[in-house]
Each structure stands twice: as structure tokens, then as C-alpha cells.
Amino acid sequence: MAAIKPLIAGNWKMNGLQASLAEIEAVRDGVSAHNLNHVVDVLFCLPTTLLAQATHMIKGTIQFGGQDCHAKISGAHTGDISAAMLVDVGATAVIVGHSERRADHNERSQDVLQKTKAAQSAGLTSIICIGETAGERAMNITEAVLKRQLCESVPKDATPENTIIAYEPVWAIGTGLTPTPEDVAQTHGFLREVLEMHLGLDVAQKIKLLYGGSVKPGNANSLMHLNNVNGALVGGASLKAQDFLGILAAFKQ
Ligand code: PGA
């Protein structure tokens with residue numbers, strides 16, 4: 001299997017004001033100082049209010065993305081953001097189907113599929129999130145849940161260029177809990193197999209599989225070098241440059 005360049009993506013969620021962009025400038029400086037761009041891609045998915053300023057201020061070393069987009073191109077959808085609007089302010093990616101949106105906005109995998117298609121038509125890379133809840137894990141149905149979410153959310157014509165999968169156990173998000181590295185490796189191996197069935201071997205082997213859920217400087221090294229783990233989606237620890245650079249340190253050579 002060809003080597004996949006890892007991606008560390010920050011997800012600021014509903015955090016950050018204009019002054020907070022200084023943290024990303026500090027990340028950019030750290031990435032440049034250690035030449036990390038050769039070995040890892042860096043992306044920040046920001047609140048929409050910060051995207052235009054961020055892409056204007058910080059060019060090159062760091063990519064930017066949104067955290068959701070509407071399935072329609074434009075129209076009467078008060079408060080929503082289209083994929084083309086994200087592209088217009090310089091975003092190259094968008095998170096779709098994050099568990100917080102699935103829970104807070106009742107988004108189902110069918111909705112995630114439509115949003116992903118809209119993102120792809122606009123030229124964005126979708127970071128499609130899937131993950132089991134604590135209850136589903138306790139019932140031992142994790143693999144069935146993940147398989148269903150993956151097959152229902154990922155378009156059949158997805159490519160490694162326009163699609164990234166983030167496996168985020170819901171019980172690990174923001175809790176400080178993580179699955180063991182063995183569990184993460186096993187689950188990612190399972191997801192790779194499901195992708196192979198869904199998209200064919202060639203495409204599936206090149207798609208980035210990110211792990212997300214309480215990734216921190218202290219556990220990045222043990223999680224980021226596992227088979228079929230091609231990076232991380234990072235919430236809390238993406239808000240401070242020092243923490244985020246601590247995660248990127250896992251890729252220092
Ligand atoms: P966390 O969030 O790193 O704060 O657990 C991850 C995410 O929800 O993407």
C-alpha cells in the first residue's frame with residue numbers, strides 16, 4: 001500500500017474570536033521551524049466567522065476548512081452556509097456529519113451524504129465523521145454502527161482527493177477517554193475493509209482515516225503511528241498552539 005501523508009486537522013467547534021487566530025500563527029511558525037510540512041498536512045476547521053480572515057492572514061503552510069455545509073447550492077436557508085461560500089473564502093475542506101451535529105441538529109447519514117455531495121461538487125474535501133456512542137459500544141454493536149454510518153454517508157464515487165474519514169467514538173470526544181491503541185488499530189483496519197467493499201480496493205487504500213476523540217500531546221505518539229491511522233481530528237487540543245504543536249511533534253523525524 002502506498003504511503004499516505006498524514007493530516008492533523010483541528011476542529012475549533014464553537015470556539016474562537018478574531019484574537020484567537022494568533023494561536024494558528026504560532027502553529028504555522030512551529031510547523032515552518034521544524035519543516036513539518038514535508039511529513040504532515042495541517043488543517044484548521046474554524047467557525048465560519050473566522051475563515052476569511054484566517055485564509056487571508058495565514059497562507060500556504062496551513063489549510064482551512066468549515067465545520068458544516070448545507071446540501072443545497074443556495075437559497076432560503078437562514079443561518080446556513082453553502083459549500084461554495086466556504087470555497088469563496090478560501091476553505092479547501094469541510095467537516096460533515098460530526099457527532100455533535102448528528103446529535104444537536106438531528107443529522108442522519110442520509111443528510112451527511114447529501115452534504116458531502118454538495119461539498120464535492122463545490123471542490124471541497126469532506127471530512128466525514130462516524131463513531132459509536134457509549135451505549136452502542138456497551139451493546140457490542142460498534143462495527144455494525146460504523147459500517148452503516150460509513151456506507152450511508154460516503155458517496156459511491158468518493159475519491160482520496162475529495163474524501164477523508166474521521167473515526168470519532170462519541171464517548172471519547174471531549175472526555176479525556178480514548179480507546180486503546182490496539183482498539184483503534186483494529187477499528188481502523190475494519191473501516192479500511194468496509195471502504196474496500198464500498199469504494200473498491202484502489203480508492204479505499206488511499207483514503208485518509210483519521211482518529212478523533214481526546215487526542216492530546218501525551219497520547220499522539222501512541223495513536224498516530226498505528227496501521228491505518230492517517231492522522232487525527234483534534235478538538236480541545238487544537239485551541240492552543242502549544243498543545244497542537246505537541247501533537248504535531250509525533251511526526252518530528
Ligand atoms: P476532542 O474533540 O479532541 O476535544 O475530544 C474531537 C472532535 O470532536 O473532533
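Indexing begins at 1, ligand by ligand and atom by atom, following the structure's order. Atom set for the values below is all heavy atoms of this structure, side chains included, hydrogens, waters and symmetry mates excluded. Remember, predicted model here, so these are calculated numbers, not experimental data.
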### Query
What is the minimum heavy-atom distance between Thr133 and Val170, and which atoms define it?
CA-CB, 3.9 Å
### Query
For Ser99 and Ile173, which heavy atoms make the closest approach, and how far apart are they?
OG-CD1, 3.3 Å
### Message
Is it the case that over 12 heavy atoms from other parts of the model lie below 6.0 angstrom from the NZ atom of Lys240?
### Response
no
### Query
If you draw a 6.0 Å radius around NE2 in His105, do more than 12 non-hydrogen atoms from other residues or ligands fall strictly inside?
yes
### Summary
for atom 9 (O) of ligand 1, nearest protein heavy atom and its distance come out as Glu168 OE2, 2.7 Å
### Message
For atom 3 (O) of ligand 1, what is the closest protein heavy atom, and at what distance to 0.1 Å?
### Response
Gly235 N, 2.8 Å
Kindly confirm or rule out an N or O of [X] lying under 3.5 angstrom from an N or O of ligand 1.
{"X": "Ile173", "value": "no"}
{"X": "Gly236", "value": "yes"}
{"X": "Thr175", "value": "no"}
{"X": "Val234", "value": "no"}

### Query
With backbone taken as N, CA, C and O and side chain as the heavy atoms from C-beta onward, which portion of Asn11 lies under 4.0 Å from ligand 1: side chain, backbone, both, or neither?
side chain
### Task
Work out whether the distance between some heavy atom of Lys216 and some atom of ligand 1 is less than 4.0 Å.
no
### Query
Looking just at side-chain N and O atoms, do Trp171 and Glu132 make a donor-acceptor pair shorter than 3.5 Å?
yes
### Query
Is it the case that Glu23 and Ser20 place a side-chain donor and acceptor less than 3.5 Å from each other?
no
Ligand-residue contact atoms, ligand 1 with [X], heavy atoms, under 4.0 Å:
{"X": "Gly213", "value": "5 (O)"}
{"X": "Gly174", "value": "1 (P), 4 (O), 5 (O)"}
{"X": "His98", "value": "7 (C), 8 (O), 9 (O)"}

### Query
salt bridge (charged side-chain N to carboxylate O under 4.0 Å, His left out) with Arg108: which residues, sequence neighbours excluded?
Asp111
### Query
Under 30°, 30 to 60°, or over 60°: which ring-plane class applies to Phe44 and Trp12, parallel, tilted or perpendicular?
perpendicular
